[in-house]
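No experiment lies behind these values; they were computed from the predicted model shown.
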Amino acid sequence: MSRVMTPQGAGPAQFRALTLFAESVNTVQTARNMVCSALEDWGLGVLVDDVRLCVSELVGNVIQHATPDRRLALPGASRRIDVTVRKWPKWLFLGVADEDSSPPTFPIGEVFSPDLVGDLSEALLPDSGRGLLIVQRLADGLWWSPEEVGGKTVFCRFDLARRDFGGRT
């Protein structure tokens with residue numbers, strides 16, 4: 001089950017939210033579709049590929065790694081994932097929230113020089129942490145925030161002033 005929300009009375013939609021469940025078959029695809037639709041509606045089609053990959057990695061991390069906090073876990077219940085995308089005049093924010101308060105493991109520094117990565121075998125690249133490394137490379141900012149009731153949200157920011165929209169933002 002999923003739900004898309006757009007605030008009423010906000011003029012052209014600048015915010016979208018979607019609630020998904022980790023155990024659903026099409027969770028990642030549904031998140032990608034919502035984000036792509038929002039970007040196209042807002043005239044930000046140039047960002048679709050980067051943001052789609054970022055939401056795929058962030059939602060995939062929840063599916064693969066998040067374990068709900070004891071107070072949020074219900075026996076037999078699905079794990080909730082909330083995806084938000086917000087457009088401000090200068091920025092686009094993507095947020096993926098889950099029910100696990102454990103901090104994500106962000107990549108620190110460079111594993112290999114970017115100039116050498118193309119020549120390396122995949123076997124030499126790290127086994128874990130690649131998803132957040134991809135998000136870190138594509139987005140202009142990456143951070144996380146704990147939620148008051150438990151769980152966390154991982155955010156990434158795209159600076160619209162740095163992107164070419166053919167004269168529009």
Side-chain angles (χ1 to χ4, degrees), residues 2-7 10-22 24-66 81-98 104-145 152-169:
S2 62
R3 180 180 73 216
V4 176
M5 294 176 16
T6 303
Q14 302 291 306
F15 172 83
R16 302 255 175 104
L18 178 65
T19 296
L20 299 163
F21 298 99
S24 296
V25 182
N26 59 352
T27 300
V28 174
Q29 181 64 42
T30 302
R32 282 193 300 247
N33 290 345
M34 185 273 288
V35 167
C36 291
S37 173
L39 295 176
E40 293 294 340
D41 289 350
W42 300 337
L44 301 176
V46 71
L47 287 176
V48 165
D49 290 341
D50 289 352
V51 179
R52 178 179 25 212
L53 185 51
C54 289
V55 78
S56 295
E57 293 297 336
L58 295 176
V59 170
N61 280 349
V62 175
I63 292 169
Q64 295 296 317
H65 305 293
I81 304 171
D82 292 316
V83 178
T84 58
V85 61
R86 291 179 172 95
K87 180 187 177 284
W88 293 82
K90 296 180 182 180
W91 308 284
L92 179 81
F93 294 96
L94 172 65
V96 176
D98 62 59
T105 305
F106 290 128
I108 298 174
E110 299 291 340
V111 177
F112 295 102
S113 165
D115 297 332
L116 296 176
V117 170
D119 296 331
L120 296 173
S121 160
E122 281 191 30
L124 295 176
L125 295 174
D127 288 335
S128 64
R130 290 189 212 178
L132 287 174
L133 181 62
I134 290 168
V135 174
Q136 191 175 55
R137 294 259 186 207
L138 295 175
D140 296 301
L142 176 64
W143 69 97
W144 75 283
S145 175
K152 68 178 169 299
T153 303
V154 177
F155 293 98
C156 58
R157 182 194 77 240
F158 298 85
D159 296 340
L160 301 179
R162 294 185 56 228
R163 315 288 172 146
D164 180 19
F165 296 100
R168 297 183 304 151
T169 55

How many angstroms lie between atom CZ of R16 and atom OG1 of T84, to the nearest 0.5 angstrom? 13.0 Å

Polar side-chain atom of T27 near backbone of F21 as donor-acceptor pair, under 3.5 Å: yes

Is there a side-chain contact between P104 and N61, using heavy atoms and a 4.5 Å cut-off? no

Let's go through N33 and S37 carefully: what are the C-alpha distance in whole Å and the side-chain angles of both, what is the deciding distance for side chain to side chain contact (heavy atoms under 4.5 Å, CB included) to 0.1 Å, and is it a yes or a no? CA-CA 6 Å; N33 290 345; S37 173; over 6 Å; no

Beyond-backbone contact of L142 with V154, side-chain heavy atoms, under 4.5 angstrom: yes

NZ (K87) and CG (L47) are apart, to the nearest 0.5 Å, by 10.5 Å

Charged N-O contact under 4.0 Å between D159 and K90: no

In the structure I gave you, are the side-chain heavy atoms of I63 and I81 within less than 4.5 Å of one another anywhere? yes

Only one of V28, V83, V96 clears side chain to side chain contact (heavy atoms under 4.5 Å, CB included) with V62; which? V96

Note: Q14 and W42 closest approach over all heavy atoms is C-CZ2, 3.3 Å

Considering all heavy atoms, the nearest F155-G95 contact: CD2-CA, 3.9 Å

Please report the interatomic distance CH2(W144) to NZ(K152), rounded to the nearest 0.5 Å. 7.5 Å

Nearest heavy-atom approach of R157 to W91 is CD-CD1, 3.5 Å

Within 6.0 angstrom of W88 CH2, more than 12 heavy atoms from elsewhere: no

Please name all residues satisfying ring-ring contact (aromatic ring centres under 6.0 Å, His included) with F158, sequence neighbours left out, ordered by chain then number. none

Show me the donor-acceptor pairs, under 3.5 Å and distance only, between side chains in residues 48-59 and residues at least two apart or in other chains.
residue, atom, partner, partner atom, Å
D49, OD1, R52, NH2, 2.9
S56, OG, R32, NH1, 3.1
S56, OG, R52, O, 2.9

dist T105:OG1 -> L133:CG (nearest 0.5 Å) comes out at 13.0 Å

